[in-house]
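Beneath this line is the structure, given in structure tokens, with notes to follow.
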Amino acid sequence: MNIQLSRIKELEEICKDIREEILRVVSKNGGHLSSTLGATELIVAMHEVFDSKKDPFIFDVSHQSYAHKLLTGRWKEFDTLREFGGLCGYTKPSESEHDYFVAGHSSTSISLGVGAAKAIALKGEQDSRVPVVMIGDGAMTAGMVYEALNELGDRKYPMVIILNDNEMSISKPIGAVSRILSSAMASPFYQNFKRHTENFVDNFGESARYIAKRMEESLKLITPGILFEEMGIDYIGPVDGHNLTSLIEILQKAKELKKPVIVHAQTIKGKGYEIAEGQEEKWHGVGPFDLDSGNAAKKSSAKSATQIYSEALLHLAKQNEKIVGATAAMPTGTGLDELMKVFPDRFWDVAIAEQHAVTSMAALAKEGFKPFCTIYSTFLQRGYDQVIHDTCLMNLPVVFALDRAGIVGEDGETHQGVFDISFLRAIPNMTLFAPRDEKSFHQAMAFASEYPYPCSLRYPRGAFTQTDLPDSLPFELSKSQLLRSESGDVLFIGYGNGVGRAYETSKYLDFGVSILDLRFVKPLDEEMLREMATKHKKWFVFSDSAKMGGVGSAILEFLAKEKILNVEVVSFEYEDRFITHGNTKQVEESLGLLPEQLAKKITESVK
Ligand SMILES: Cc1ncc(C[n+]2csc(CCOP(=O)(O)OP(=O)(O)O)c2C)c(N)n1
Ligand SMILES: CC(=O)[C@@H](O)[C@H](O)COP(=O)(O)O
Ligand SMILES: [Mg+2]
């Protein structure tokens with residue numbers, strides 16, 4: 001394909017406009033800046049060669065897909081990116097027919113590509129449609145990718161996989177795969193070798209390709225080419241992911257091959273915004289900032305729950321050398337980075353590999369260590385079987401520390417931490433508890449560090465809701481804490497950050513309520529609940545979790561078991577639907593969960 005210079009110039013202008021618009025909107029709304037800036041030329045080239053109306057365009061995680069949104073009729077609405085009621089920060093078919101699939105959790109793209117390719121074959125559409133997948137080097141560290149490549153390399157469905165390699169996950173990518181992707185190909189020797197063999201292959205065809213590959217192998221270079229081609233997938237690259245001419249030519253060639261092909265593109269995360277280039281981690285996901293200086297628009301003064309977790313764990317780890325821990329590619333997000341600095345041999349980033357994080361921590365527990373498996377609530381969904389099969393069935397003392405529990409805000413549906421109580425509560429041997437503030441967090445961590453069975457604690461994104469309720473007492477298995485006792489009929493039961501919401505709600509009422517900090521949702525404090533049932537007949541439950549299977553369910557199950565039928569329970573947990581993105585307060589308002597809204601409902605119901 002001979003692409004006209006004038007067309008390249010046009011496309012370069014489009015890239016410039018796209019970057020300007022992304023910078024304008026992300027500096028105002030926040031978002032995944034550096035990933036998306038770096039993928040601009042790749043996405044423009046994708047749209048030049050393929051047709052997103054018919055070819056499935058599959059973006060892994062899809063945090064890098066802003067240019068795709070702009071190119072597919074959403075320029076005007078882009079101003080509303082990640083705002084409540086506005087465009088989603090990820091691909092979303094309900095937003096546009098050009099968005100093939102919902103994404104947000106990583107490493108699903110090649111499986112989606114394989115499924116789409118099967119459907120295309122079954123429908124006899126192979127002459128007119130081909131899946132195009134974009135996946136980052138970080139996402140290539142997760143197991144699902146290799147499950148998909150395993151089948152793809154064997155069945156050989158036509159598919160173009162663009163490997164967007166910026167040598168970064170959110171943090172530095174971990175492990176052998178990223179080493180293979182970057183170090184071998186970066187060496188001048190390899191580049192030279194590649195150039196020569198490619199000319200040779202171009203001139204002499206398929207048998208030369210075979211010889212070249214064997215030569216590459218005999219040099220004992222484990223290169224990306226070897227890795228993928230041994231799996232049965234053609235490999236082209238590395239190519240400059242910012243050079244539109246070569247990208248378009250190569251994608252066209254890859255499309256024509258009618259085989260599974262990986263196009264390995266090297267890109268710069270943050271490309272086009274000098275302040276972000278080379279500062280990849282800081283600029284991966286950002287809040288609003290000043291474009292000229294790069295300074296954050298506002299800094300929260302309250303200590304985040306993550307920071308408290310990190311400090312508490314560091315304190316415990318200094319006292320107990322058996323304490324170890326893992327994060328699955330979220331060292332800064334979970335605060336485990338601080339532990340990794342002080343104890344590099346005891347705290348690990350295991351890459352985007354939640355399943356592996358859980359099972360490997362279970363083995364450490366079996367060996368007598370005390371693992372803190374630190375994962376966002378939403379991402380533990382990926383490791384569910386490993387929690388059941390490898391941890392709870394063995395009754396091993398792994399602590400699951402679940403960050404970002406509750407509504408996370410602008411990331412929205414794919415990232416809300418709402419299901420953990422429901423899915424963990426059902427597992428035998430699992431104990432569940434939650435802190436409500438800084439002091440109780442330290443106490444909960446002290447309890448966790450001594451507890452000899454599987455357990456999980458959850459805490460919110462950002463800071464806890466502050467209260468002036470009485471101080472927390474040390475954690476004791478199943479024990480709740482009665483924080484306020486009133487003679488009226490109404491009892492508020494709070495769990496975790498729900499205690500703060502209960503407290504805030506009580507401030508809008510013109511009558512007194514008792515407030516119980518439940519602390520343990522499994523096992524429940526049955527003694528306290530029995531006593532409360534004799535005193536209060538209207539119970540309101542506050543917890544940042546799904547209603548179905550959540551805290552209210554646990555309490556209702558208890559009341560049913562005890563045949564206590566004269567207590568009415570109303571749960572202010574999340575209804576049975578996915579929760580959209582936007583500023584947390586606006587999202588909560590849309591769910592009727594702001595304290596003033598709750599107080600109104602309560603007042604009406606106790607009239
Ligand atoms: C299952 C899962 N775990 C963790 C994350 C958090 N996460 C989002 S993007 C990302 C890094 C992805 O790196 P890469 O694929 O190289 O994309 P880049 O941002 O570098 O373009 C991580 C760890 C996630 N989205 N899904
Ligand atoms: C794309 C992705 O999954 C992460 O970048 C996520 O957005 C991080 O969320 P926090 O900002 O809460 O760490
Ligand atoms: Mg990357």
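All heavy atoms count here, side chains included; hydrogens, waters and symmetry mates do not. Note that ligands are numbered from 1 as they come in the structure, with each ligand's atoms numbered from 1 the same way. Everything quoted here is computed from the prediction, not taken from an experiment.
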Next on the checklist: Please list the nearest protein heavy atom to atom 11 (O) of ligand 2 with its residue and the distance rounded to 0.1 Å.
Outcome noted: Arg461 NH2, 2.9 Å
Item to check | Straight-line distance of Ile22 CD1 to Ser34 OG, nearest 0.5 Å | outcome: 11.0 Å
Next on the checklist: Closer than 2.8 Å to the Mg ion (ligand 3): does that hold for any N, O or S atom in Asn166?
Outcome noted: yes
Next on the checklist: Please state which option from Lys269, Gln355, Met330 has its nearest heavy atom closest to atom 18 (P) of ligand 1.
Outcome noted: Lys269
Next on the checklist: Just to confirm my output: which protein heavy-atom neighbour is closest to atom 2 (C) of ligand 2, and how far is it?
Outcome noted: His415 NE2, 3.4 Å
Checklist entry - Under 3.5 Å, side chain of His242 to main-chain N/O of Ile268, donor-acceptor pair present? => result yes
Next on the checklist: Counting only nitrogen or oxygen atoms and a 3.5 angstrom limit, does Gly138 reach ligand 1?
Outcome noted: yes
Item to check | Step-by-step salt bridge (Lys or Arg N to Asp or Glu O under 4.0 Å) determination, Glu277 to Lys269 | outcome: CA-CA 6 Å; Glu277 287 183 31; Lys269 212 163 166 167; over 6 Å; no
Checklist entry - Would Phe59 and His68 count as a close aromatic pair, with their ring centres under 6.0 Å? => result yes
Checklist entry - What is the nearest protein non-hydrogen atom to atom 4 (C) of ligand 2, stated with its residue, atom name and distance? => result His32 NE2, 3.7 Å
Item to check | Stacked cation flag Arg346 on Phe343, 6.0 angstrom / 45 deg | outcome: yes
Checklist entry - Looking only at non-hydrogen atoms, which of Met330, Glu410, Arg404 approaches atom 10 (P) of ligand 2 most closely? => result Arg404
Next on the checklist: Among all protein heavy atoms in this structure, tell me which lies nearest to atom 5 (C) of ligand 1, with the distance rounded to 0.1 Å.
Outcome noted: Phe379 CZ, 3.3 Å
Checklist outcome for this item: The atom of Asp137 among N, O or S that is nearest the Mg ion (ligand 3) is OD1
Checklist entry - Which residue owns the protein heavy atom closest to atom 3 (N) of ligand 1, what's the atom, and how far is it? => result Glu354 OE2, 2.6 Å
Next on the checklist: I'd like to know if the side chain of Tyr376 reaches the main chain of Leu402, judged simply by a donor and an acceptor atom lying under 3.5 Å from each other, with no hydrogens or angles considered.
Outcome noted: no
Checklist entry - Which class fits the ring pair Phe289 and Tyr273: parallel under 30°, tilted 30 to 60°, perpendicular over 60°? => result tilted
Checklist outcome for this item: For Phe379, the atoms of ligand 2 under 4.0 Å from one of its heavy atoms are 3 (O)
Item to check | Where ligand 1 meets Gly136 - atom numbers and elements under 4.0 angstrom, heavy-atom basis | outcome: 14 (P), 15 (O), 16 (O)
Checklist entry - Ignoring hydrogens and geometry, is there a side-chain-to-backbone donor-acceptor pair from Asp137 to Leu163 under 3.5 Å? => result no
Item to check | Test item: side-chain donor near acceptor, His264 and Tyr235, under 3.5 Å | outcome: yes
Item to check | Derivation and outcome, side-chain hydrogen bond (donor to acceptor under 3.5 Å, both in side chains), residues Glu573 and Ser545 | outcome: CA-CA 5 Å; Glu573 293 169 276; Ser545 43; 2.8 Å; yes
Checklist entry - Counting from 1, what ligand 1 atoms have a heavy atom of Ser35 closer than 4.0 Å? => result 18 (P), 19 (O), 21 (O)
Next on the checklist: Heavy-atom count check: over 12 atoms from other residues, nucleotides or ligands less than 6.0 Å from Lys303 NZ?
Outcome noted: yes
Checklist entry - Contact between His63 and ligand 1, counting heavy atoms under 4.0 Å? => result yes
Checklist entry - Given that the side chain starts at C-beta and the backbone is N, CA, C, O, which of these parts of Asp137 lies under 4.0 Å from ligand 1, counting heavy atoms, or is it both or neither? => result both
Next on the checklist: One residue to check: Ile170. Relative to ligand 1, which of side chain, backbone, both or neither has a non-hydrogen atom less than 4.0 Å away?
Outcome noted: both
Item to check | Numbered atoms and elements of ligand 2 in range of Tyr90, under 4.0 angstrom, heavy atoms | outcome: 1 (C), 2 (C), 7 (O)
Checklist entry - Taking both backbone and side-chain atoms of His415, is any N or O found less than 3.5 Å from an N or O belonging to ligand 1? => result no
Checklist outcome for this item: In ligand 2, the atoms that come under 4.0 Å of a heavy atom of His284 are 5 (O)
Checklist entry - Which residue owns the protein heavy atom closest to atom 15 (O) of ligand 1, what's the atom, and how far is it? => result Ala139 N, 2.9 Å
Item to check | For atom 11 (C) of ligand 1, the protein heavy atom that lies nearest, with its residue and separation | outcome: Ser169 OG, 3.3 Å
Checklist entry - Who's the nearest protein heavy-atom neighbour of atom 13 (O) of ligand 2, and how far? => result Tyr376 OH, 2.6 Å
Checklist entry - Hey, mind stepping through Thr334 and Asp403 against side-chain hydrogen bond (donor to acceptor under 3.5 Å, both in side chains) and telling me if it holds? => result CA-CA 7 Å; Thr334 58; Asp403 201 327; over 6 Å; no
Next on the checklist: Show me which atoms of ligand 1 lie under 4.0 Å from any heavy atom of Ala329.
Outcome noted: 23 (C)
Item to check | Glu167 near the Mg ion (ligand 3) via N/O/S, less than 2.8 Å | outcome: no
Next on the checklist: Please determine whether Asn164 has a backbone or side-chain N, O or S atom lying under 2.8 Å from the Mg ion (ligand 3).
Outcome noted: no
Next on the checklist: Assess the residue pair Asp411 and Tyr90 against the criterion (side-chain hydrogen bond (donor to acceptor under 3.5 Å, both in side chains)); give the C-alpha distance rounded to whole Å, side-chain angles, the decisive distance to 0.1 Å, and a yes or no.
Outcome noted: CA-CA 8 Å; Asp411 270 340; Tyr90 302 98; 2.7 Å; yes
Next on the checklist: If you measure every N or O of Gly104 against every N or O of ligand 1, does any of those distances drop under 3.5 Å?
Outcome noted: yes
Checklist entry - Charged N to carboxylate O under 4.0 angstrom, Arg74 versus Asp99? => result yes
Item to check | Contact partition for His284 relative to ligand 1, non-hydrogen atoms under 4.0 Å | outcome: side chain
Checklist entry - Taking both backbone and side-chain atoms of Ile352, is any N or O found less than 3.5 Å from an N or O belonging to ligand 1? => result no
Next on the checklist: Does only the side chain of Ile170 get under 4.0 Å from ligand 2, or the backbone, or both, or neither? Count heavy atoms.
Outcome noted: side chain
Checklist outcome for this item: Quick note on ligand 1: atoms under 4.0 Å from a heavy atom of Asn166 include exactly 18 (P), 20 (O), 21 (O)
Next on the checklist: Quick check on Lys16: does its NZ atom have over 12 non-hydrogen neighbours (other residues, nucleotides or ligands) under 6.0 Å away?
Outcome noted: no
Checklist entry - So which heavy atom in the protein is nearest atom 7 (O) of ligand 2, and how far is it from that ligand atom? => result Asp411 OD2, 2.5 Å
Checklist entry - Using the ring of each side chain (for Trp, its six-membered ring), is Phe57 parallel, tilted or perpendicular to His47, with breaks at 30° and 60°? => result tilted
Checklist entry - Taking only heavy atoms of His105, which atoms of ligand 1 are found under 4.0 Å from at least one of them? => result 25 (N), 26 (N)
Next on the checklist: Check contact between Met140 and ligand 1, using heavy atoms of the residue and a distance below 4.0 angstrom.
Outcome noted: no
Checklist outcome for this item: With heavy atoms and a 4.0 Å threshold, my read on which part of Arg382 contacts ligand 1 is side chain
Next on the checklist: Is there a polar contact between ligand 1 and Ser106, counting only N or O atoms under 3.5 Å apart?
Outcome noted: yes
Checklist entry - Angle class for the His32/His284 ring planes (parallel below 30°, perpendicular above 60°, tilted otherwise)? => result perpendicular
Item to check | Thr332 versus Glu281, side-chain donor and acceptor atoms under 3.5 Å | outcome: yes
Checklist entry - Between the side chain of Arg425 and the main-chain N/O of Asp420, is any donor-acceptor distance below 3.5 Å? => result no
Checklist entry - Can you check whether Glu83's main-chain N or O pairs, donor with acceptor, with Thr80's side chain at less than 3.5 Å? => result no
